[in-house]
Novice: 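One structure is given below, represented as structure tokens, and several questions about it will come after.
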Number of protein chains: 2
Amino acid sequence: MNDMVPSPHDESQPMSLRERKKRLAQTTIEEAALRLFQQRGYEHTSIQDIADAVMMSPRTFFRYFASKEEVLFGPIHAVQSDGIRSLQQAASSESPLVALRTTFGYLASLYQQQRASFLIRYQVAKQTPSIASIYLYAMMEAEPAFCDALYVHLESVTDRNKIRFLVAIYMTAFRVALEEWMENGVQGDLVSLLGEYLEYFSSLSL
Amino acid sequence: MNDMVPSPHDESQPMSLRERKKRLAQTTIEEAALRLFQQRGYEHTSIQDIADAVMMSPRTFFRYFASKEEVLFGPIHAVQSDGIRSLQQAASSESPLVALRTTFGYLASLYQQQRASFLIRYQVAKQTPSIASIYLYAMMEAEPAFCDALYVHLESVTDRNKIRFLVAIYMTAFRVALEEWMENGVQGDLVSLLGEYLEYFSSLSL
DNA sequence: TTGACCTTTGTCATTAAGTGACATTATAAT
DNA sequence: ATTATAATGTCACTTAATGACAAAGGTCAA
């Protein structure tokens, strides 16, 4: 069994000057925005402020990000998409349970790779009530797609509902582990933390 | 053991004319807004449209509802608050597990009492991507308060994390049961559906 | 290198959510 | 009836987001 993890984003082409400038603008905006969010808070940072900071017109900001939230949650969406692809692949050759374990382990590793970035985003989101909902949703939006990926195995309606519940449980365990990890400043190993929660789960009786 | 369910909103005072007019205006706005949301969709219904429909100025709309979302999710917030109160009370005399069972049973009964209203809200939310996040959050926002309510029993850090996970699991079971119930047009008994999921949970091994 | 072509950017205008200030009207209390 | 209090409407303002169009910048072939 090889790596099983699809590389997040194919990064092979030479990249034209145009492409490079685009990427540069994107990361420039993102860095400036995150810095401002941390300094003044998300809500007290307007698009105009961000645009001023990077010397662009507000209109141009919206050519790189569909909204202010997108700056904050873009990478989370990207991770979720990677998770969906991972699960689709894993589900084709493994049982639902094994596939889920594989995928959530993979997701944990992605979070760990970008821990600094995700910590900032988490902290900004936590300090901003109007954003908390979007953060939660960003972490769970993949749930339906996860279910779809696993439906290839079992097809009766009751089985589908069980799969749905199973996915939701796994997502919950992952979310709780992630939150504890974030609260502790992304120190320690997220993968083993998730493992502890799943192990504890087995000992539960409701 | 008596009812254990605190009455949602104390409804005893005679109510002055002013109060009655206020309530009337509130329900009038809400009904008109929900009707418009169903007809044209949430995003294609502006505050102006709602204000026109009830012959009020847009400014007055905002004196009754803090936002457009509030019209849609107000009752869900209210149910969550009731749940928190219920759990605080139950947790003082029962074990965490029993208290959770009691409270989620109570919540299920509240949803069933207002099933028509909640179904509309669910359907509107489901049709509106920009709103889906807020719907999810509305259903889970009470999680931290639930944890706090149960922390009165156990106090070590590891126990708190376990309580946190336990609450999250229960919320997940409830959410999945609720979604299935909604998808099926709020037919059948939500309480027993929740029971089935919790029972199935016990048979799981991750 | 020049010029034609396509992309990116800026400017301007517009819709919609949300908020503060203040005057006007309706209700309550004496 | 008169005064205090609360509700409403009007106006002005900020901010997010989007469409249209012109100006500037990059790409590539001759």
Side-chain angles (χ1 to χ4, degrees), chain A residues 13-30 32-34 36-37 39-74 77 124-125 128-134, chain B residues 13-30 32-34 36-37 39-74 77 124-125 128-135 137:
Chain A
Q13 309 308 327
M15 277 224 291
S16 67
L17 174 58
R18 232 174 225 167
E19 272 307 292
R20 267 180 293 146
K21 279 191 126 181
K22 244 166 99 171
R23 297 285 177 101
L24 177 65
Q26 186 143 349
T27 60
T28 303
I29 292 173
E30 191 166 292
L34 287 182
L36 290 173
F37 291 164
Q39 285 169 8
R40 325 179 178 176
Y42 178 85
E43 285 180 311
H44 300 103
T45 305
S46 67
I47 306 287
Q48 185 70 58
D49 292 336
I50 300 169
D52 288 347
V54 298
M55 293 185 300
M56 284 178 189
S57 77
R59 191 64 187 86
T60 299
F61 170 91
F62 284 108
R63 293 204 174 92
Y64 285 94
F65 296 93
S67 65
K68 219 166 85 174
E69 289 133 41
E70 190 63 28
V71 183
L72 200 52
F73 297 123
H77 292 309
V124 171
T128 314
S130 64
I131 283 296
S133 65
I134 302 176
Chain B
Q13 308 307 326
M15 274 226 290
S16 67
L17 172 59
R18 229 173 228 168
E19 272 307 292
R20 267 180 293 145
K21 279 192 127 181
K22 246 167 97 172
R23 298 284 177 100
L24 178 65
Q26 186 142 350
T27 60
T28 302
I29 292 173
E30 190 165 293
L34 287 183
L36 290 173
F37 290 165
Q39 284 170 8
R40 325 178 179 176
Y42 178 85
E43 287 180 310
H44 299 103
T45 304
S46 67
I47 306 287
Q48 185 70 58
D49 292 336
I50 301 170
D52 288 348
V54 298
M55 293 186 299
M56 285 179 189
S57 77
R59 191 66 186 84
T60 299
F61 170 91
F62 284 109
R63 293 204 175 91
Y64 284 95
F65 296 93
S67 66
K68 219 167 83 174
E69 288 132 43
E70 191 62 29
V71 183
L72 200 52
F73 297 123
H77 293 310
V124 171
T128 314
S130 65
I131 284 297
S133 65
I134 302 175
Y135 185 82
Y137 187 68

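Predicted, not measured: the structure shown is a model, and the values here were computed from it. Protein chains get the first letters and strands the later ones, always in sequence-line order, with residue 1 at the start of each. Atoms considered below: every heavy atom in the structure, side chains included; atoms not considered: hydrogens, waters and symmetry mates.
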Novice: In whole Å, what is the span from the CD atom of A:E43 to the P atom of C:dA17?
Specialist: 18 Å
Novice: Under 4.5 Å between any side-chain heavy atoms of B:E69 and B:Y135, yes or no?
Specialist: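 The answer is no; the side chains never approach within 4.5 Å.
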Novice: Using whole Å, what does the distance between atom P of nucleotide C:dG10 and atom CG of A:D52 come to?
Specialist: 12 Å
Novice: Do other residues, nucleotides or ligands put more than 12 heavy atoms under 6.0 Å from A:H44 NE2?
Specialist: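 No, NE2 of A:H44 has 12 or fewer neighbouring heavy atoms, counting only those of other groups under 6.0 Å.
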Novice: Using atom CD of B:Q26 as one end and atom P of D:dA7 as the other, report the distance to the nearest whole Å.
Specialist: 12 Å
Novice: Picking from D:dA17, C:dT8, D:dG26, which would you name as closest to the side chain of A:Y64?
Specialist: C:dT8
Novice: Do A:T128 and A:E43 meet the criterion of a side-chain donor-acceptor pair at a distance under 3.5 Å?
Specialist: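 Side chains of A:T128 and A:E43: no pair found under 3.5 Å.
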Novice: How would nucleotides 9-15 of chain D be written as a contact map, 5' to 3', with B for base contact, S for sugar-phosphate-only contact and - for no contact, using protein heavy atoms under 4.0 Å?
Specialist: BB-----
Novice: Please report, rounded to the nearest Å, how far the P atom of C:dT27 is from the CG atom of B:L24.
Specialist: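 Atom-to-atom, B:L24 to C:dT27, this comes out as 12 Å.
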Novice: So A:A25, base contact, sugar-phosphate only, or nothing? Heavy-atom distance under 4.0 Å.
Specialist: nothing
Novice: Using modelled atom types and a 3.5 Å cut-off, is there a donor and acceptor pairing between side-chain atoms of B:T60 and backbone atoms of B:M56?
Specialist: no
Novice: In Å and rounded to the nearest 0.5 Å, what is the CG to CZ distance from B:D52 to B:F61?
Specialist: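 That separation rounds to 12.5 Å.
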Novice: Whole angstrom is fine here: how far is it from NE2 in B:H44 over to P in C:dT15?
Specialist: 15 Å
Novice: What is the separation between atom CD on B:Q48 and atom C1' on C:dG18, rounded to the nearest whole Å?
Specialist: 14 Å
Novice: Please check this pair: side chain of B:Y64 against backbone of B:T27, looking for a donor-acceptor N/O pair closer than 3.5 Å.
Specialist: no
Novice: When the distance from CZ of B:R23 to P of D:dA7 is rounded to whole Å, what number comes out?
Specialist: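 So the two atoms are 13 Å apart, to the nearest Å.
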Novice: In whole angstroms, how far is the C1' atom of D:dA24 from the NZ atom of A:K21?
Specialist: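 From A:K21 NZ to D:dA24 C1': 10 Å.
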